[in-house]
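First up is the structure itself, then whatever we jot down about it.
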Amino acid sequence: LCIMKFKSLEFSIDINPDKEIEELNVSFYSSFSFKIPLSEVRRIDKHFTVNPKDSHEVLFTINQDKAEKKFMFLIQRFMSDLKSKITGNKTIYIHENSKIPLQGLQFVGIVDKGTDMVEIKPLTTCPMNCSFCSVGEGLKTRKQVDFVVEEEYLVEELNNLLEFKKKQDKPGSNTKISVWINPHGEPLLYSRIIDLMQDVSNLDTVKDVHLITSGTLLNKYIIDKVSKIKKAKLSVSISAINEKTANKIMGVKSYNPKHVLDMIEYATNKSIEVIITPVYLNKINDDDIKQLITFSKKHKLKILIQKFCANKFGRNPIKETSWEDFTKTLKEWETEFGQNLIQIGNIGKSEQLPKPFKKADAVQAEIVCSGRYHRDKIVVAKDRCILIPNCKKDSGMVKVKITTAKFGMYMGSC
């Protein structure tokens, strides 16, 4: 008996006699999926089956090497049909052999702005539809393509970046980096999120690992796992306590603010540092923010109230208020609740990787895949990704003029 076990894949057999369809359903990182005709798998071994006790395992009765070679070929062949279970969007899998670097894009991979904080973004997709989402993600997103990154590849490339930073340290200094898991989406949709947090935490240069989540998918099992990761912290973006207001703000009727508060309290009792990060929407959730301040004070939690900032690529439910008015409101609440709400963090600096491009450079690059929209393309040159909006070519080499080169993220035209 040949047993093949996968960390990131789960399997089930779907037989529909009415439509005469037999398929092997493959769930990938829990939030993405594709199908393989069962007839294709039966050609490898007519006795093929999925382990009924472990959906991560498939069973063959033929030679191990032969089964692995042929089955992996099928997976690679049909993974081109990978889709998000949340949005239904075509999904691109970025892995070590995909020829897609993790540096250069804003929405996926690694974002390093030369500070002591580095963001990693393992996926795009979100089960909410937040009215204030600055990047327009969620159930009703207009974006047409989603992305998911191989866990091992993400950790390896992050480690390479941090080792570079460490080597650039001045003698006697010992820079530690905070890593923020801050995707364009919900990180708890990434089935290997605990693996990711643990593996990042194990890196010597890492100071702490922050998971930024809406909290709606938190449960006691996940929190128990997170509590065992010494460097882990939770940043929960709950913006309303009143259920009606919360559903309006989050864009879905299923959102349960009480569950999120219960999970925050449970995590606190597990000695996890939790930061509450509500977005203040003037005249929409004023009372809710006040209740969250009271909640944070009761449970001795840090609360960082975020100012809503309008974004032409996001959702904008209200007119943006000025920073002066926002600060004035926070000062009034500080007086009312006797709690410090205006907090200015000390952001340290760290060395960035060399920047291979500057604005107006002309470079030859290879098209590797679509961007978030089918009309956009991601191209690669000098081990960096460059996003080209409205690219007319679908494949091959293109001459790119760099139009944006900021913080190691690049856009161009061709």
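Side chains included, hydrogens not; waters and symmetry mates left out as well; all remaining heavy atoms used.
- Between the side chains of Thr125 and Ser31, not a single donor N or O lies within less than 3.5 Å of an accepting N or O.
- No donor-acceptor pair closer than 3.5 Å links the side chain of Asp199 to the backbone N or O of Val155.
- For residues 246-258, every residue pair satisfying the salt bridge (Lys or Arg N to Asp or Glu O under 4.0 Å) rule, not counting sequence neighbours, is listed here: Lys258-Asp262.
- With a 4.5 Å cut-off on side-chain heavy atoms, Thr124 and Arg372 count as touching.
- Residues Ile388 and Asp376 form no side-chain contact, since every pair of their non-hydrogen atoms from C-beta on lies 4.5 Å or further apart.
- His95 and Tyr93 have tilted rings, their planes meeting at an angle from 30° to 60° on a 0 to 90° scale.
- You'll find the side chain of Ile181 reaches within 4.5 Å of the side chain of Leu196, heavy atoms only.
- Checked against side-chain contact (heavy atoms from CB on, under 4.5 Å), Ser33 has the following partners two or more places apart in sequence or in another chain: Lys85.
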message = Determine whether Ile222 and Leu188 satisfy the following criterion, side chain to side chain contact (heavy atoms under 4.5 Å, CB included), listing intermediate values before the conclusion.
response = CA-CA 9 Å; Ile222 292 173; Leu188 291 177; 4.2 Å; yes

request  = Apply side chain to side chain contact (heavy atoms under 4.5 Å, CB included) to Phe407 and Gln106, showing your working.
outcome  = CA-CA 10 Å; Phe407 298 126; Gln106 183 183 22; over 6 Å; no

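- Between the side chain of Arg315 and the backbone N or O of Ser134 there is no donor-acceptor pair closer than 3.5 Å.
- Note: Phe71 and Phe11 have tilted aromatic rings, judged against thresholds of 30 and 60 degrees for the angle between ring planes.
- Panel note: side chain Lys230, backbone Ser227; no donor-acceptor pair is recorded below 3.5 Å.
- Ser296 places a side-chain heavy atom less than 4.5 Å from the side chain of Gln339.
- No donor-acceptor pair under 3.5 Å is formed between the side chain of Asn285 and the backbone N or O of Asp288.
- Contacts classified as ring pair (Phe, Tyr, Trp, His ring centres under 6.0 Å) and involving residues 129-154 (residues at least two apart or in different chains) are given here: Phe107-Phe147.
- Each ring pair (Phe, Tyr, Trp, His ring centres under 6.0 Å) pair with one or both residues in residues 236-287, not counting sequence neighbours, appears once here: Tyr280-Trp333.
- By the neighbour-count criterion of 12 heavy atoms within 6.0 Å, atom CD1 of Ile347 is sparsely surrounded, having that number or fewer from other residues, nucleotides or ligands.
- Judged as a salt bridge (Lys or Arg N to Asp or Glu O under 4.0 Å), the pairs with a partner in residues 321-336 (not counting sequence neighbours) are, in order, Lys290-Glu336.
- Other residues, nucleotides and ligands contribute more than 12 heavy atoms inside 6.0 Å of the CD atom of Gln352.
- Applying the side-chain hydrogen bond (donor to acceptor under 3.5 Å, both in side chains) criterion to Glu320, with sequence neighbours excluded, gives Lys307.
- A donor-acceptor pair under 3.5 Å links the side-chain atoms of Ser350 to the main chain of Thr115, judged by distance alone.
- Between Pro101 and Val380 there is a side-chain heavy-atom pair separated by less than 4.5 Å.
- In this structure Lys300 satisfies the side-chain contact (heavy atoms from CB on, under 4.5 Å) test with no other residue, sequence neighbours excluded.
- The ring-ring contact (aromatic ring centres under 6.0 Å, His included) check on Phe34 picks up nothing, with sequence neighbours excluded.
- The main-chain N or O of Val279 is found under 3.5 Å from a side-chain atom of Ser239 such that the two form a donor-acceptor pair.
- Side chain of Lys297 to backbone of Phe337: a donor-acceptor contact under 3.5 angstrom is found.
- With a 4.5 Å cut-off on side-chain heavy atoms, Ile276 and Leu304 do not count as touching.
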key: Pair Lys35-Glu40, salt bridge (charged side-chain N to carboxylate O under 4.0 Å, His left out): steps then yes or no   = CA-CA 11 Å; Lys35 298 178 183 293; Glu40 295 280 351; over 6 Å; no

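- Within the 3.5 Å criterion, the main-chain N or O of Thr175 finds no donor-acceptor partner in the side chain of Lys166.
- With sequence neighbours left out, the side-chain hydrogen bond (donor to acceptor under 3.5 Å, both in side chains) criterion links Asn89 to Thr87, Asp146.
- Between Asn63 and Asp65, the shortest heavy-atom contact is OD1-N, 3.0 Å.
- For the 3.5 Å distance criterion, the side chains of Thr321 and Asn282 fail to qualify, holding no donor opposite an acceptor.
- Within the structure, salt bridge (Lys or Arg N to Asp or Glu O under 4.0 Å) pairs that include any residue of residues 263-285 comprise Asp224-Lys270, Lys233-Glu273 (at least two apart or interchain).
- Checked by atom type, the side-chain pair Thr213/Glu186 shows a donor-acceptor distance below 3.5 Å.
- Partners of Ser178 according to the side-chain contact (heavy atoms from CB on, under 4.5 Å) rule, which considers only residues two or more places apart in sequence or in another chain, are Trp180, Lys207, Asp208, His210.
- Residue Lys46 qualifies as open at atom NZ: its count of foreign heavy atoms under 6.0 Å is 12 or below.
- Between the Ser131 side chain and the Gly251 main chain, no donor and acceptor come within less than 3.5 Å of each other.
- Counting only N and O atoms by type, the side chains of Gln198 and Asn202 include a donor and acceptor under 3.5 Å apart.
- Within the 4.5 Å cutoff, the side chain of Lys70 has no heavy atoms near those of the Arg43 side chain.
- Applying the salt bridge (Lys or Arg N to Asp or Glu O under 4.0 Å) test to pairs two or more places apart or on separate chains, those with a residue in residues 106-125 are Asp112-Lys165, Glu119-Lys121.
- Between Thr268 and Leu301 the shortest side-chain heavy-atom distance falls below 4.5 Å.
- Lys393 NZ: more than 12 foreign heavy atoms inside a 6.0 Å radius.
- Counting only N and O atoms by type, the side chains of Glu10 and Ser27 include no donor and acceptor under 3.5 Å apart.
- Put simply, the side chain of Asp54 gets close to the backbone of His56: a donor and an acceptor are under 3.5 Å apart.
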